[in-house]
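Comments concern the structure below.
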Amino acid sequence: MKLSRRDMFKIGGLAAVTAAGLAIPLGNTVSGATASLLPAGKMPKPFQTTFSRLEVLPPVKTEVDEMGPVAYYDITAKTGAVGIVPGMMTPVLGYDGLVPAKRIDVEQGTRIVMTMRNKLPQSHPTFGTPMPISTHLHGSASLPQYDGYASDVTTPGQKKYYQYPNFQPARTLWYHDHGVHYTAQNAYSGLASQYHLHDARERALLPQGEFDVAITLSDMMFAANGSQLYDDRAHSGLWGDVVLVNGRPWPVMKVKKRIYRFRFLNASLSRSYRPVTSPAAPMYMVGTDGGLAPKSQNISQWRHGSAERYEILIDFSKFKTGQRIELQNLSNPNNRDFDNTNKIMAFDVVDDAFDRNDPTALVVPGALDSSNDVMALTETSGLKVRNIRVQRNDTTNEWNLNGETWHDVVDSGFTKVLANPNLGDTEVWEIENKSGGWFHPVHIHLIDFKILSRNGKPPFAWELGPKDVVYVGEGEKVRLLMKFGPHRGKYMVHCHNLPHEDHDMMHQFSVGLNNGEVDVNDPIYADPASDDTDG
Ligand SMILES: [Cu+2]
């Protein structure tokens with residue numbers, strides 16, 4: 001099923017909200033007290049909830065076949081309800097109806113076959129948007145037909161089998177909806193969770209178990225009845241006034257006097273964060289989107305755009321029992337900040353015992369020895385250099401890459417590409433944002449890249465690891481180095497500010513495909529969704 005250009009204009013309620021947003025100038029950092037329309041006294045307040053860990057989803061079956069170990073998962077996208085606003089229930093979409101959805105943990109070398117069933121209604125219970133879904137495992141070098149290609153949709157009543165190879169180095173991935181033109185509504189309503197790929201190196205070097213903590217950041221705003229409010233301000237973005245950590249507003253977590261590893265994922269549609277601890281706690285970046293960095297980097301804060309993952313060690317060993325350390329948000333230009341969006345969560349130090357013989361408890365590793373080959377790549381003369389401009393068409397209110405959109409890809413019968421490297425090619429991609437009025441977190445599927453420079457200067461300390469999303473800030477030009485493989489086929493490249501992606505800042509590149517060649521891994525036709533009769 002393909003959605004036409006017209007589909008997005010059919011949504012009465014949503015269009016009305018968006019039209020209201022048009023009156024406000026784009027691109028300004030406009031601060032207000034709140035965005036939610038909740039009655040006084042109902043608005044969630046910081047540090048009133050207890051931190052909640054993401055539960056781990058067990059496989060329904062594991063076995064060893066001729067290719068090795070494989071774990072099977074069976075997930076159903078369906079509606080649910082959560083209690084974020086005191087005394088009110090908020091309708092949501094969830095994997096198995098849960099928000100936050102459970103996370104998946106897997107060892108390197110174990111393949112995953114995941115059945116994704118769409119048991120959503122025909123239209124969104126709050127926004128009225130259509131409900132075809134596509135599931136992307138962000139950070140995985142999956143084959144094109146299992147990569148959550150936006151137009152490879154699973155409609156209500158259908159299911160699709162996804163295959164995830166898990167041969168890559170350990171990393172923090174996440175699975176989330178990528179359905180064409182409605183990814184923003186679907187992810188905002190809950191179709192997202194983390195996925196941790198483990199390996200021996202990461203297990204030896206970094207905190208595990210209780211001290212390896214998933215942190216999914218998101219933001220939300222609410223209508224007077226407690227349902228989600230969606231206002232993407234003429235597709236410029238959605239900035240909620242309630243910051244959620246693993247689905248709870250500004251929670252408080254008890255921490256022991258040792259080092260913790262936090263896997264920060266920014267799952268906000270548009271908001272970027274600049275987390276900082278107060279009082280300052282020692283912090284070290286040890287991993288980025290594509291896994292371990294070559295060495296740890298001592299940082300005092302970091303800039304965190306949508307879909308980026310940063311693994312950060314925070315050392316609580318020098319604090320006193322009872323001390324509270326707030327994780328605050330210094331924000332970045334062109335976000336919309338509200339009364340409490342300068343806070344994320346808090347840590348309360350407790351005196352509980354921990355194993356002092358755990359080598360990760362009190363020592364921050366220096367060299368991490370990234371096994372991700374991309375960090376060993378160097379730029380040599382003669383490499384293909386591609387220039388990509390991220391920009392906005394003010395006439396259509398649509399965002400584009402080099403003037404082209406996903407509509408152009410659809411209209412070309414999915415033949416149009418932004419780049420066509422051969423399998424194994426190494427290239428430099430220069431992504432340029434000439435605007436001073438907005439920022440774009442740009443995600444390239446399939447590969448990991450190394451950031452060579454930003455505006456001619458070295459990347460930030462927290463970016464010195466393998467990446468698959470790059471923050472292209474106002475007036476910034478980033479240079480990225482990447483090697484294309486291990487699969488041939490077509491993959492998306494897009495902005496991860498999801499209202500930008502949906503309208504319509506998404507394109508594709510092909511790897512190793514010759515003109516006119518039949519693509520055996522065609523992202524839409526190779527292994528499409530089918531009717532779900534057994535679920
Ligand atoms: Cu963007």
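Both ligands and their constituent atoms are indexed starting at 1 by order of listing. Count residues from 1 along the sequence.
- Closest to the Cu ion (ligand 1) among the N, O or S atoms of His440 is ND1.
- Of all N, O or S atoms in His500, the one lying closest to the Cu ion (ligand 1) is ND1.
- Taking 2.8 Å as the criterion, Cys495 counts as a coordinating residue of the Cu ion (ligand 1), since one of its N, O or S atoms falls below it.
- Note on ring orientation: taking the six-membered ring where Trp is involved, the planes of His138 and His443 are parallel (angle under 30°, cut-offs 30° and 60°).
- For Phe264 and Tyr273, the ring centers sit 6.0 Å or farther from each other.
- Residues Trp406 and His494 keep their aromatic ring centres 6.0 Å or farther apart.
- Of the residues listed (Ile104, Leu265, Leu173), the one engaging Gln194 in a side chain to side chain contact (heavy atoms under 4.5 Å, CB included) is Leu265, and it is the only one.
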